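Computed from a predicted model, the values in this text were never measured in an experiment. In what follows, residues are counted from 1 in the order of the sequence shown.
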Amino acid sequence: MSVPYADLRLQYDTIKNDIDLAIAAVIRDSAFIRGPYVETFERAFAAVVDVKHCISCANGTDALYIAMAALNIEQGDEVITTAHSWISTSAMITHAGGNVVFCDTDGSTYTIDPVAIECAITPRTVGIIPVHLYGQPANMNAIMAIARKHSLWVIEDCAQAHLARYEGRQVGTFGNAATYSFYPGKNLGAMGDAGAVVTNDGDLARRMTILARHGGLTKHQHSVEGINSRLDGLQAAILSAKLPHLSRWTSARQAAAAVYNAGLNQIEDVELPSVAAGRSHVYHLYTIQHPRRDELAAHLGANGVQTAINYPVALPFLEAYSRFGHRSEQFPNAHRQQSRILSLPMFAEITADQQKTVVDLIRAFA
Ligand SMILES: Cc1ncc(COP(=O)(O)O)c(C=O)c1O
């Protein structure tokens, strides 16, 4: 049996009628840019995340840029983020005019280590971007306490963590703003690029909206130089059709993770994802560690199981950051994990048989 890493076609098949009707309605109304479908999704997503404002945009990368630009980063301002994420998180700090300062992860949850944040703060630090990586919330109590102590803003990168909760409270509601990606493979995915930034701060919401819309809310009146970052009507309608299913899909991912945990638990050398107390993990990715990761991935691939490495080179060690001259001892956890992590097939519709195939192959490898 072959097991795909994710199966977007299968998800579409389960809600085909709703998606087809949503697309047809947008085409019928020629509501391609902004308009009612975008507004409906923004309202619905804000309600689901439990925030006052949702500003949709073209993708999760733009969302990070828009949030930081609206927080008025100035040249030389330092922004602290995690060594373990997708490059959008750090690249947008630079594009918004800031200096990237990486911190190591905590060694067990793949999220930023609050102790490392404290050590990295300087008089130039203006903000922190924690990433709820793989779907597990970062240590938000500790991070928000540090931010309050040093008067820093916080932007939560929730690209992989739709509906994840920290001590019962939804991620995206802790920081000054939070960014989401609706890239097709995300827990809530569009059929193209899409993203959003959310906030409870009305003034920040207004500045972010202006920035995302060419620097003005009224046509031909540009108060600042903005960018063009829009969610299109088709993607908004598709996302609105999918949103009511997100909670059920999240539970299905969590159930699939429990099946993997039970099956892989006793297998030598396999390190399971560890979830810290008080955090609910939404398993955008189910990522294990193994000392012979590349051999294991090859073994699974040869037997029809797709896997991925998220990410093979931790951010500080990418060529894009060679100017900093980072050393592995500065980020021991991220450095150790980059050669051990392996993401297994994970999607809401994965079957027990598919999971058994994966588990049996890993056991056979051991
Ligand atoms: C943690 C993280 N941040 C930001 C992004 C950027 O999102 P997008 O691909 O929608 O630009 C992603 C998506 O891959 C991500 O995983």
Side-chain angles (χ1 to χ4, degrees), residues 34 38-74 77 79-81 88-89 92-93 95-98 126-132 137-138 140-141 143-148 150-182 186-188 194-217 223-224 226-231 236 239-240 243 246:
R34 296 218 59 78
V38 174
E39 282 162 23
T40 299
F41 174 69
E42 287 178 337
R43 272 196 303 274
F45 193 66
V48 163
V49 178
D50 201 16
V51 287
K52 288 192 189 137
H53 308 278
C54 168
I55 297 103
S56 61
C57 60
N59 53 62
T61 306
D62 279 7
L64 285 157
Y65 173 81
I66 291 162
M68 270 184 275
L71 285 161
N72 299 320
I73 289 202
E74 289 174 6
D77 284 351
V79 178
I80 292 173
T81 195
S88 302
T89 316
M92 289 307 107
I93 296 172
H95 286 299
V126 294
I128 309 169
I129 309 185
V131 181
H132 307 307
M140 290 314 295
N141 278 352
I143 292 167
M144 294 311 297
I146 295 169
R148 274 191 299 274
H150 297 275
S151 303
L152 309 175
W153 50 251
V154 173
I155 299 172
E156 295 173 71
D157 184 337
C158 301
Q160 303 188 3
H162 315 69
L163 301 194
R165 284 177 182 272
Y166 178 90
E167 297 192 346
R169 181 171 153 192
Q170 205 160 156
V171 299
T173 63
F174 290 85
N176 303 63
T179 60
Y180 286 84
S181 167
F182 307 117
K186 294 291 197 263
N187 288 21
L188 177 64
V197 51
V198 302
T199 183
N200 281 318
D201 178 338
D203 185 47
L204 181 60
R206 189 180 152 77
R207 291 203 304 278
M208 294 195 294
T209 308
I210 289 172
L211 270 167
R213 291 196 212 166
H214 292 294
L217 296 179
S223 52
V224 293
I227 60 169
N228 174 17
S229 185
R230 295 188 279 232
L231 176 68
L239 288 167
S240 289
L243 189 56
L246 181 58

### Query
After noting the C-alpha distance and the side-chain angles of Asn141 and Glu167, does the key distance pass the side chain to side chain contact (heavy atoms under 4.5 Å, CB included) rule?
CA-CA 9 Å; Asn141 278 352; Glu167 297 192 346; 3.0 Å; yes
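- Taking both residues in full, the closest heavy atoms of Ile128 and Pro130 are given as O-CD, 3.4 Å, listed atom of the first, atom of the second, then distance.
- Taking each heavy atom of Ala212 and Ile66 in turn, the nearest pair found is CB-CD1, 3.7 Å.
- Side chains of Tyr180 and Val49 form a contact here, defined as non-hydrogen atoms less than 4.5 Å apart.
- Taking the side chain as every heavy atom from C-beta outward, His162 and Phe182 approach each other to under 4.5 Å.
- Screening Arg206, His214, Met208 against Ile210 for a side chain to side chain contact (heavy atoms under 4.5 Å, CB included) leaves a single residue, Arg206.
- Between Ile155 and Leu71, some side-chain heavy-atom pair lies under the 4.5 Å cut-off.
- Between Met144 and Ile146, every side-chain heavy-atom pair lies at or beyond the 4.5 Å cut-off.
- In this structure, Asn176 CG and Leu152 CG are separated by 9.5 Å, a value rounded to the nearest 0.5 Å.
- The one candidate from Ile143, Val154, Leu64, Ile80 that meets the side chain to side chain contact (heavy atoms under 4.5 Å, CB included) condition with Ile129 is Leu64.
- Under the 3.5 Å distance criterion, the side-chain polar atoms of Arg207 are matched with a main-chain donor or acceptor of Ala70.
- Contact annotation: the side chain of Glu156 never approaches that of Thr179 to less than 4.5 Å [non-hydrogen atoms, C-beta and beyond].
- Between Val198 and Gly172, the shortest heavy-atom contact is CG2-O, 3.8 Å.
- To the nearest 0.5 Å, the span separating OG on Ser56 from CG on Leu239 amounts to 9.5 Å.
- At a threshold of 4.5 Å between non-hydrogen side-chain atoms, the residues Leu243 and Phe45 count as touching.
- Scanning all heavy atoms of the two residues, the minimum distance from Trp153 to Met68 falls at CH2-CG, 3.8 Å.
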### Task
Take Gln160 and His132 through the side chain to side chain donor-acceptor pair (under 3.5 Å) test and state the conclusion after the steps.
CA-CA 7 Å; Gln160 303 188 3; His132 307 307; over 6 Å; no
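- With hydrogens and angles disregarded, a donor-acceptor distance shorter than 3.5 Å links the side chain of Asn200 to the backbone of Lys52.
- For the pair Ile73 and Gly98, the tightest heavy-atom approach, listed with the atom from each and the gap, is CG2-N, 3.6 Å.
- Using a 4.5 Å heavy-atom cutoff, the side chains of Arg43 and Cys54 are not in contact.
- Atom CG of Asp157 is separated from atom OG of Ser181 by 8.5 Å, given to the nearest 0.5 angstrom.
- Note that CG of Asp50 and OG1 of Thr173 are 7.0 Å apart. Values are rounded to the nearest 0.5 Å.
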### Task
Could you give me the CA-CA distance, side-chain angles and deciding distance for Ile93 and Asp77, then say whether side chain to side chain contact (heavy atoms under 4.5 Å, CB included) is met?
CA-CA 9 Å; Ile93 296 172; Asp77 284 351; over 6 Å; no
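- Counting heavy atoms from C-beta on, the side chains of Arg213 and Arg34 come closer than 4.5 Å.
- Distance check, rounded to the nearest 0.5 Å: NZ of Lys186 to SG of Cys158 gives 12.0 Å.
- Between Asp201 and Leu204 the shortest heavy-atom distance is OD1-N, 3.0 Å.
- In this structure, Ser229 OG and Leu211 CG are separated by 10.5 Å, a value rounded to the nearest 0.5 Å.
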